[in-house]
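Please read the structure below before turning to the comments.
Counting from 1, the numbers follow the sequence of the chain as shown. We count ligands from 1, going down the list as the structure has it; atoms in each ligand are counted the same way.
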Amino acid sequence: MATNYDEIAEEYQRAKQQPWRLHLEHFTLFKLLGDLQGKSVLDLACGEGFYSRFLKRRGAARVVGVDISEGMIELARREEAKTTLGIDYRVHDVRTLALDETFDVVVAAYLLNYAQTGKELLTICTAITRHLKPGCRFVTVNNNPRQSEEYFPTTRAYGFIKRAEGPVREGTPVDYVFYLDEESFAITNYHLSVATHEQALKAAGFRQISWHDPELSPEVVGDAERQYWSAFLAHPPVVFLDCVK
Ligand SMILES: C[S@@+](CC[C@H](N)C(=O)[O-])C[C@H]1O[C@@H](n2cnc3c(N)ncnc32)[C@H](O)[C@@H]1O
């Protein structure tokens, strides 16, 4: 069943504080994004605005955040009320989104992994190209379809694991179980192969597609600290995509 983020919005916000988010996820995403100065950015599936705020602080001129969950957007707006950054948050299903504007960059952290079929993935990818200027880039991080399920438990030390019932095939639900101080909660993604992603992205109008494994921030120094992240990097649970329209 699809995850209802209204019910877990606050737990999810806390799970974004786990160190791997900063040292690997945030570092790699912004390395791929490069210079954002003066650009207009659409942050799809923005959740509680975790990346929307970083995008604005990195110099984007305009940031629009869109999410289907009212609970997540409420948290995002609460943060905006505390510290005004000028981010425009909207509640909408990306699949039917038709804003009256195109953007220099589209970001969508953990959106593609909600598609359960190649057809659903194409609908999402088409919504992305619909809002992107020609020649501009879509950058995203998602569940890594190349990680074999035998490595799903290996990220427990970093605060989460992935789990699936039976062999992972097209459309198989893959749960992410996050461990916070005294509780845990799960969200459900769906496995679709690399080939299905490439097909949908190309059909939606992307002419260049590159896959990137997470990279460790150079701010992590010291042999022991870098060694600590080696299991994550050896079989990455998440993967990044950089696509040009
Ligand atoms: C794992 S969270 C990621 C949130 C944010 N991008 C981040 O990295 O913190 C996934 C988000 O996707 C949103 N989502 C899932 N399907 C969506 C859709 N069809 N349209 C808009 N948002 C969607 C969920 O409500 C949830 O907030």
Side-chain angles (χ1 to χ4, degrees), residues 1-30 32-33 41-58 60 63-80 87-99 105-117 119-128 130-131 138-144 159-160 162 173-178 180 185-192 200 204 214 237-241:
M1 212 177 91
T3 303
N4 182 352
Y5 278 85
D6 289 345
E7 290 168 2
I8 54 147
E10 288 189 3
E11 285 95 333
Y12 189 79
Q13 191 175 38
R14 282 170 57 209
K16 289 302 275 194
Q17 301 308 317
Q18 292 181 332
W20 71 275
R21 303 290 198 173
L22 180 66
H23 299 319
L24 295 150
E25 184 185 278
H26 175 283
F27 174 73
T28 312
L29 190 70
F30 279 90
L32 291 172
L33 281 165
V41 185
L42 177 61
D43 185 12
L44 295 175
C46 66
E48 48 80 30
F50 184 80
Y51 282 120
S52 316
R53 292 187 290 278
F54 279 115
L55 291 161
K56 195 74 177 56
R57 289 190 165 115
R58 288 283 189 118
V63 176
V64 177
V66 176
D67 201 281
I68 199 170
S69 159
E70 284 182 17
M72 294 295 257
I73 291 293
E74 194 185 311
L75 287 181
R77 288 185 176 140
R78 214 182 283 170
E79 293 295 326
E80 178 70 19
I87 301 166
D88 181 357
Y89 290 110
R90 321 252 178 112
V91 178
H92 212 289
D93 185 335
V94 166
R95 293 170 291 189
T96 53
L97 190 69
L99 297 174
V105 180
V106 176
V107 176
Y110 305 106
L111 171 65
L112 303 186
N113 42 218
Y114 287 99
Q116 299 186 37
T117 63
K119 197 173 161 208
E120 283 182 16
L121 189 59
L122 176 58
T123 303
I124 293 174
C125 294
T126 305
I128 294 164
R130 192 159 62 234
H131 292 94
F138 164 53
V139 179
T140 181
V141 53
N142 288 284
N143 177 52
N144 183 5
F160 73 102
K162 286 160 67 171
V174 175
D175 286 346
Y176 278 64
V177 184
F178 291 97
L180 303 176
F185 72 98
I187 59 176
T188 303
N189 290 175
Y190 300 90
H191 172 91
L192 290 176
V238 300
V239 71
F240 297 76
L241 274 164

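- Not a single donor-acceptor pair under 3.5 Å links the side chain of Glu48 to the backbone N or O of Gln13.
- When each atom of ligand 1 is checked for a heavy atom of Ser69 under 4.0 Å away, the hits are 25 (O).
- When atom types are taken as modelled, the side chain of Arg53 and the backbone of Ile87 share no donor-acceptor pair closer than 3.5 angstrom.
- For atom 13 (C) of ligand 1, the nearest non-hydrogen atom from the set Leu97, Asp67, Thr96 belongs to Asp67.
- Near His92, the atoms of ligand 1 lying under 4.0 angstrom from a non-hydrogen atom of the residue are 20 (N), 21 (C).
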Open item on the list: Go through it in stages, so that I can follow the logic: the residues are Leu42 and Leu99, the test is side-chain contact (heavy atoms from CB on, under 4.5 Å), and I'd like the CA-CA distance, side-chain angles, deciding distance and then a yes or no.
Closed with: CA-CA 10 Å; Leu42 177 61; Leu99 297 174; 3.9 Å; yes

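- A donor-acceptor pair is defined here as one N or O able to donate and one able to accept, closer than 3.5 Å; such a pair exists between the side chain of Asn142 and the backbone of Leu112.
- Every heavy atom of Tyr176 sits 4.0 Å or more from the atoms of ligand 1.
- Residue contacts with ligand 1: Ala109 is placed with a nitrogen or oxygen under 3.5 Å of a nitrogen or oxygen of the ligand (distance criterion only).
- The distance criterion of under 3.5 Å between nitrogen or oxygen atoms is met by Val94 with respect to ligand 1.
- With a heavy-atom cut-off of 4.0 Å, Lys16 touches ligand 1 through its side chain alone.
- Shown here is Arg95, whose CZ atom has no more than 12 heavy atoms of other residues, nucleotides or ligands within 6.0 Å.
- In terms of N/O distances under 3.5 Å, ligand 1 is approached by Ala45.
- Using a cutoff of 4.0 Å between basic side-chain nitrogens and carboxylate oxygens, Arg14 and Glu10 are not scored as salt-bridged.
- Looking at atom 15 (C) of ligand 1, its nearest protein heavy atom turns out to be Tyr114 CD1, 3.7 Å.
- Relative orientation of the Phe54 and Tyr51 rings is tilted, given thresholds of 30° and 60° on the angle between their planes.
- A donor and an acceptor atom, one from each side chain of Tyr89 and Glu79, are nowhere located under 3.5 Å apart.
- With a 4.0 Å heavy-atom cut-off, ligand 1 is reached by no atom of Ala108.
- Every atom of ligand 1 with a heavy atom of Tyr51 under 4.0 Å away is listed here by number and element: 8 (O).
- Ligand 1 places these atoms under 4.0 Å from at least one heavy atom of Asp93: 18 (C), 19 (N), 20 (N).
- A donor-acceptor distance shorter than 3.5 angstrom exists from the side chain of Asp6 to the backbone of Glu70, with no hydrogens or angles considered.
- Looking at Tyr110 against ligand 1, both its backbone and its side chain come within 4.0 Å, counting heavy atoms.
- The shortest N or O to N or O distance between Met72 and ligand 1 is not under 3.5 Å.
- Aromatic ring pairs are classed by plane angle as parallel below 30°, tilted from 30° to 60° and perpendicular above 60°; the pair Phe185 and Phe178 is parallel.
- In this structure, atom 23 (C) of ligand 1 lies nearest to the protein heavy atom Ile68 CG2, 3.5 Å.
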